[in-house]
Trainee: 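Here it is, the structure in full.
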Amino acid sequence: MLLDRTKMKLTMKDVEDKEAAKRQRAQAAQERSKQMHDGIMDAWRKIAKMKNSESDTKKLKRVYEAMMAGEISRDPSDAIDKRGKVKAFSKAEALRLYAKLEQRDRDKKIAELLEKLPQNYELIQTWAHLDDFIAAMSKESIIALDTETTGLDVFADEIVGISISLPSADRHCYIPVAHDTDEPQLNREIVLERLRPYLQDNNLRKVLHNAKFDIHMFIRHGVRVQGVHFDTQVAMQILNENEPSKRLKDLATVYLGEPSDTYDALFGKTPFHKITNLRVALAYAAKDTHLTWRLYRFMQHHLDRLPKLRTVYYEIENPLIDVVVEMEQEGFILDIDRAKALGKQMRKEIEALEAQLKQHFGDDVNFNSPAQLSKIFYEDLKLGKHLPPGMKQSTDKNALKVLAEHHEGISVLLEYKALMKLYGTYIDALPKQVKSDGRIHGEFKQDSTVTGRFSSKNPNLQNQPKYVRQIFKAPPGMVLLSGDFSQQEPRLLAHFSGEPLLIEAYRQGKDLYTTAAAELWGLPESECGDGSKWRKMMKTGILAVMYGTGTNTLAKQLGITVEEADDFIKKFYAKYKYVKRWIEGNVEFARKHGYVEMLMGRKRRLPEINSRDEWVRYRAERQATNAIIQGSAAIMTKIAMLKVAELCKRKGWKMVLTVHDEIGVYAPDTITPADVMEFEHTMLHAVELKVPSKSDIEAAYHWGESVNWDAKAKQWKVSDGDVVCYFDTPKEALAAAGAAV
DNA sequence: CGGCTGGGCCAC
DNA sequence: AAACGTGGCCCAGCCG
């Protein structure tokens, strides 16, 4: 190609221009570099003031120190935007620097791990070696066990290696079985067959960290682990529910004084089977069971001096692990056809509502965007003046309900938002979670809440709206038998406070809220029945007492003035003196001991109870009473689950869910009312309180749609007049939820 | 496209 | 300044 000579010509002016530009660039770079570091201390101060999670705090600290030591500095490619302007140093950038630091350290850490590889860590690559190890294992009564896998999905991923620690022999092995490497490895299926007698031996006790995960993984390969004696993750929640991280390596660092790198600190996002150097795999994996064992010893030491917590662990949490495994394995069947039909209907309604909204507010609005809605309502339409003083200019339901009085489009928006929530989060999302066996396998976590309640995720089966429950069904020929503790928490309030008035009401089988309302306001019970404002006020009020709700919020909830709410609380405490004394006692106890105790002596530590910050302290005071009630309810439900699990074993039923005060099982639809009574009895007598328990039991082919026993036909029937279906259409559900204005 | 955060909201 | 406890998930919007 010919060069264009005209462009090659160099004039003096060109040279000067170029030099000037160069100077300018250098100057700009210097200026930027100065700007990049100028505001950095202010930025750090700002970041330090943010409410950072414990793990973020750790990371930020590391970056800060590295920066001050000159080990790392802002990356210009991160600190300067496209137009060449210096961006303010943010928490996000700091966290990115942390990732960079980690990346830099990774090789060093792995090299170190190899250097320090203990003599008693064994990489098992031959059958003779495996035989030798198994011979040693057969002399042990307890071992530590762990699996390495291709990922975290226990219904899709696979085992790539197994770690075992033998405590008395002090031998710690890793058996790689599916790494992507040319190094010698044993065959997974044969290894599992060789280990099977030991893994399934109830008398060979096992210690694991997050046992549920490994048990699921072994089940994927046809092995049902027995004899789980201790789970260091589950136990950690008993020993310190405020622990910021329960990852094994973090606990080892904190409690064993053994600084240990987490998986991603060493390998990032590389899945374990991609680790080709098996000695690296050994160093990491054998350390897992070794640390698990040491953590077990450490925890035993503390459980020895905390006998109540030992009982909570061994009598409730540990046996519950197997129950949860079974429950998650069973899964929940989704009625896909129904979900599809409902989805179609909802999409139609959503589209219609959207068309209306566009007429009201314009075509180019995303009605799911709080930012856009806020601009329209508060900047364009200036509706903020209609909000009561003190109410934030929000686009949440509360504010919109007020604004709906002043703009007719807003009630449409309320309906739209409620419908979108149901559709997006549930009706449309749930079918996508169905696994290859046609079921939803949500996760139930027994050790992830500070009060001891279960949490649930992927999907969360504990927050399914009533309207949505109908798309969950029982397998053919079975019903969903479920029982929920009626007024579980108020009963516990009566139990703990010893309030004679509350206890008496429950013992006489009266409706507590009606009785209490009549007593408090000196009204005849006929005026405080179901649906009366007095009963509602009492119900909300008792809840408020348990949750420590302030009078402002209570007033808002009940639609009364703050003075009236205040008056109610005063009256309530004057009448129920035991309740008042008990609540005050909880705070006192917490101040003195730093924790409160629930049923069986499970603890909720409240380190903030003596904080000088009033707001922080008050929160801890509310938590004190709430934790006793909520935590004791959780214990009660967990005990009931253990007993229902035994019942299930006897009857061949399968537990499928727990929702705080509710337990659900799949049972053949040939069960009789006698079976149902047995189920009810099991729940009611799981725990004996000072007040009787009550449970509402229902059998249903679809969750929430109870069927009745037809005594003549001797079967469960969905007879026209009898079936209790929550709602037929989304509209009815919304009306019931009070969303449609 | 994945990670992260804020606003909002579902359950008990 | 903040006064309703315990959770998890969706969407928007921003980041790389």
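Reminder, nothing fancy here: chain letters follow the sequence lines and each chain counts from 1.
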Trainee: Could you work out, with side chain to side chain contact (heavy atoms under 4.5 Å, CB included) as the rule, every residue matching Lys571(A), not counting sequence neighbours?
Mentor: Leu520(A), Trp521(A), Asp567(A)

Trainee: Let me know the distance between OH of Tyr378(A) and C1' of dG7(B), rounded to the nearest Å.
Mentor: 13 Å

Trainee: Please determine, by modelled atom types, if Thr451(A) and Gln630(A) share a side-chain donor-acceptor pair under 3.5 angstrom.
Mentor: yes

Trainee: Can you tell me how far C1' of dC4(C) sits from CG of Leu558(A), to the nearest Å?
Mentor: 13 Å

Trainee: How long is the line joining CG of Leu554(A) and C1' of dG5(C), in whole Å?
Mentor: 15 Å

Trainee: May I have the distance from Lys417(A) (atom NZ) to dC9(B) (atom P), rounded to whole angstrom?
Mentor: 5 Å

Trainee: Hey, does Asp661(A) reach any base, or is it just sugar-phosphate, or nothing, if we go heavy atoms under 4.0 Å?
Mentor: sugar-phosphate

Trainee: Axis-to-axis angle across the helix from dC1(B)-dG16(C) to dC12(B)-dG5(C), five pairs an end, to 10 degrees?
Mentor: 10°

Trainee: Give a yes or no on this: more than 12 heavy atoms of other residues, nucleotides or ligands lie within 6.0 Å of atom CG of Asp364(A).
Mentor: no

Trainee: Please identify each residue that fulfils side chain to side chain contact (heavy atoms under 4.5 Å, CB included) with Asp363(A), with sequence neighbours left out.
Mentor: Lys358(A)

Trainee: Identify the two heavy atoms, one from His702(A) and one from Asp335(A), that lie closest to each other, and give their separation to 0.1 Å.
Mentor: NE2-OD2, 2.7 Å

Trainee: Any base atoms under 4.0 Å from Asn398(A), or only sugar-phosphate, or nothing? Heavy atoms, all strands.
Mentor: nothing

Trainee: Grab the CZ-C1' distance between Arg622(A) and dG5(C) for me, whole Å please.
Mentor: 9 Å

Trainee: Give every residue pair that meets the side chain to side chain donor-acceptor pair (under 3.5 Å) criterion with at least one member in residues 606-618 of chain A, sequence neighbours excluded.
Mentor: Glu608(A)-Arg619(A)

Trainee: For the side chain of Lys638(A) and the backbone of Gly452(A), is there at least one donor-acceptor N/O pair under 3.5 Å apart?
Mentor: yes

Trainee: What contact category does Glu662(A) fall into here, base, sugar-phosphate, or nothing, at under 4.0 angstrom with non-hydrogen atoms?
Mentor: nothing

Trainee: One character per nucleotide, please: for nucleotides 6-13 of chain C, 5' to 3', B when the base has a protein heavy atom closer than 4.0 Å, S when only the sugar-phosphate does, - otherwise.
Mentor: BBSBSSSS

Trainee: Answer with base, sugar-phosphate or nothing: what part of the nucleic acid does Thr395(A) contact at a heavy-atom distance below 4.0 Å?
Mentor: sugar-phosphate

Trainee: What is the distance, to the nearest angstrom, from the CG atom on Leu493(A) to the P atom on dC12(B)?
Mentor: 20 Å

Trainee: Can you tell me if Arg469(A) touches the phosphate of dC12(B), counting only side-chain N or O atoms and a distance under 4.0 Å to OP1 or OP2?
Mentor: yes

Trainee: Would you measure the distance from the C1' atom in dC9(B) across to the matching atom in dC4(C) and give it in whole Å?
Mentor: 15 Å

Trainee: Does Lys556(A) make a side-chain N or O approach to OP1 or OP2 of dC4(C) shorter than 4.0 Å?
Mentor: no

Trainee: Side chains of Lys246(A) and Gln237(A): donor-acceptor distance under 3.5 Å anywhere?
Mentor: yes

Trainee: Who are the side-chain hydrogen bond (donor to acceptor under 3.5 Å, both in side chains) partners of Lys274(A), not counting sequence neighbours?
Mentor: Asp180(A)

